[in-house]
Amino acid sequence: MTEESFFQKVYQITKMIPEGRVTTYGAIARYLGAPGSARMVGWALNNAYSQDEFIPAHRVVNRNGCLTGKHHFHGPDVMQDLLESEGIQVKKDKIIDFQQHFWDPNKA
DNA sequence: CAGTTGACACCGT
DNA sequence: AACGGTGCCAACT
């Protein structure tokens with residue numbers, strides 16, 4: 001928690017997301033101090049996928065609640081299965097009541 | 001060293 | 001309302 005690079009923070013937050021909760025790129029970016037750099041968050045997760053640790057990035061979606069990077073995961077359907085397993089309803093790669101499951105890092 | 005990319009977000013047409 | 005283009009920051013090639 002010392003040498004927290006931008007990416008490292010993203011990993012921390014992503015791993016910090018409670019089970020059954022989801023968040024958005026903008027929320028994370030804003031928490032990191034880069035409200036306009038939501039793209040960076042996506043990039044970080046892209047690297048997170050290369051990390052040795054498993055990053056529950058399936059809980060991170062865009063503002064639409066759409067599972068944008070599911071293809072970047074272990075599998076295309078694994079992501080949805082994981083979310084459903086956590087109690088999150090997913091329909092066509094989109095989280096139902098996404099806002100209801102929304103988890104704000106700044107609030108945590 | 002400079003250019004391109006990256007799983008987005010927002011504004012304008 | 002739908003679509004396109006631009007803006008953001010950092011890492012990768």
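Convention: sequence-line order gives letters A, B, ...; per-chain numbering from 1. Remember, predicted model here, so these are calculated numbers, not experimental data.
Sorted by first then second residue, the salt bridge (Lys or Arg N to Asp or Glu O under 4.0 Å) pairs that include residues 55-72 of chain A, not counting sequence neighbours, are A:Arg59-A:Glu86, A:Lys70-A:Asp93. Residue pairs meeting the salt bridge (Lys or Arg N to Asp or Glu O under 4.0 Å) criterion with at least one partner in residues 97-108 of chain A, sequence neighbours excluded, are absent. Listed by first and then second residue, the salt bridge (Lys or Arg N to Asp or Glu O under 4.0 Å) pairs involving residues 39-56 of chain A amount to none (not counting sequence neighbours).
Scanning for side-chain contact (heavy atoms from CB on, under 4.5 Å) contacts around A:Pro18 gives A:Arg21, A:Trp103, with sequence neighbours left out. Residues meeting the salt bridge (Lys or Arg N to Asp or Glu O under 4.0 Å) test with A:Glu19, sequence neighbours left out: none. In terms of the side chain to side chain donor-acceptor pair (under 3.5 Å) criterion, A:Thr14 has no residue partners (sequence neighbours excluded). Residues passing the side-chain contact (heavy atoms from CB on, under 4.5 Å) test with A:Trp43, sequence neighbours excluded: A:Phe7, A:Asn47. Legend: residues meeting side-chain contact (heavy atoms from CB on, under 4.5 Å) with A:Ala38, ordered by chain and number and at least two apart, are A:Tyr25.
In this structure, A:Asn46 reaches the bases: a heavy-atom distance under 4.0 Å links it to at least one base atom across the strands shown.
DNA chain C is contacted by no residue of residues 92-108 of chain A, taking any non-hydrogen atom closer than 4.0 Å. Residues from residues 19-40 of chain A placing a heavy atom under 4.0 Å of any atom in DNA chain C, listed by number, are A:Gly36, A:Ser37, A:Arg39, A:Met40.
A 4.0 Å heavy-atom criterion places the boundary nucleotides of DNA chain B facing chain A at B:dT5 to B:dC10, written 5' to 3'. Extent of DNA chain C lying under 4.0 Å from chain A heavy atoms, first and last nucleotide in 5' to 3' order, is C:dG7 to C:dC12.
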